[in-house]
Amino acid sequence: MVDSKTQVERALAPALQESVWRHDLDETAVHHEPLRGTSAVDLAIVGGGFTGLWTAILAREQHPDISIALIEARDLGYGASARNGGFISESLTHGIAHGVAMWPDELPLLLELGRLNFKEIQEFLEACGEDVELVACGKTAVATRAHEVESLRAAHELHLQWGEDSTFLTADEVRADINSPTYLAGM
């Protein structure tokens, strides 16, 4: 009998430890040599993921004359930003229910800021003229077990209570969108 750890290690052995999205990058992309010695800049940003890159963009827009260094151990966008599943969300709280549980007094402001953040990302992409497609299509949550249906209905009601656009879907309605016999309801 093979222990499960050995089976998992064998199953994962051929897996690449990098983003699947990086395989699509143009091989002519600019690569910079590691920073050596000392440098003096007005603003040093550590990390070249979404947050670091966005910080650099905003800093350049607001202060065009300052010197900025973006410091990244690997290539820009290498880490968690490169492992992104290809979606962004307005949520700053990882969902309304989590926001209610963790920051009930701040939730109205957090929702407002999340919506503003998403809107500004859309506006930035439109203004910069880059070849980026952003589709604001919403998201779907599904129930696959009977007890989850009422939880999903309660989540739907919570979203409506906080001004979110939400639709509760019966099994037939969610299957019309995502055809799976395991889906009993959707939101």
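Note: hydrogens, waters and symmetry copies are ignored here, and every other heavy atom, side chains too, is used.
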Going from [atom1] on [X] to [atom2] on [Y], what distance comes out if it is rounded to the nearest 0.5 angstrom?
X: Asp177; Y: Thr167; atom1: CG; atom2: OG1; result: 10.5 Å
X: Gln161; Y: His159; atom1: CD; atom2: NE2; result: 11.0 Å
X: Leu92; Y: Leu110; atom1: CG; atom2: CG; result: 6.0 Å
X: Glu164; Y: Leu158; atom1: CD; atom2: CG; result: 9.5 Å
X: Met187; Y: Leu160; atom1: CE; atom2: CG; result: 9.0 Å
X: Tyr183; Y: Leu169; atom1: OH; atom2: CG; result: 12.5 Å

- Task: Examine Phe124 and Ile88 and state if one hydrophobic cluster contains both, with Ile, Leu, Val, Met, Phe, Trp and Tyr joined whenever side-chain heavy atoms are less than 4.5 Å apart.
- Result: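 Shared cluster, yes.
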For the residue pair [X] and [Y], what are the closest heavy atoms and their distance?
X: Pro181; Y: Arg175; result: O-NH2, 3.1 Å
X: Ala136; Y: Gln122; result: CB-NE2, 3.8 Å
X: Ala40; Y: Ser67; result: O-OG, 4.3 Å

[X] versus [Y]: any side-chain heavy-atom pair under 4.5 Å?
X: Leu109; Y: Trp103; answer: no
X: Ile178; Y: Thr140; answer: yes
X: Asp105; Y: Leu107; answer: no
X: Leu152; Y: Leu184; answer: no
X: Ile121; Y: Leu125; answer: yes
X: Val149; Y: Phe168; answer: yes
X: Ile45; Y: Ile71; answer: no
X: Trp162; Y: Val100; answer: yes

- Query: So, Glu148 and Arg153, do they make that salt bridge, N to O below 4.0 Å?
  - Reply: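 Salt bridge: no.
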- Item | Presence of salt bridge, Glu123 and Lys119, under 4.0 angstrom |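 Answer for the salt bridge query: yes.
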Quick check: does any side chain N or O of [X] sit under 3.5 Å from a backbone N or O of [Y], one acting as donor and the other as acceptor?
X: Arg60; Y: Pro64; answer: yes
X: Arg115; Y: Glu90; answer: no
X: Glu61; Y: Leu58; answer: no

- Message: Could you go through Thr93 and His98, starting from their C-alpha distance and side-chain angles, then the distance that decides it, and tell me whether this counts as side chain to side chain donor-acceptor pair (under 3.5 Å)?
- Response: CA-CA 6 Å; Thr93 62; His98 190 248; 5.5 Å; no
- Message: Is a donor from one side chain sitting under 3.5 angstrom from an acceptor on the other, for Ser180 and Thr182?
- Response: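 A donor-acceptor contact under 3.5 Å links the two side chains.
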- Worked verdict on Leu113 versus Asn117 for side chain to side chain contact (heavy atoms under 4.5 Å, CB included): CA-CA 6 Å; Leu113 291 173; Asn117 185 48; over 6 Å; no
- Message: Please determine whether the number of non-hydrogen atoms from other residues, nucleotides or ligands lying under 6.0 Å from atom NE2 of His94 exceeds 12.
- Response: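 No, the 6.0 Å shell around NE2 holds no more than 12 heavy atoms from other groups.
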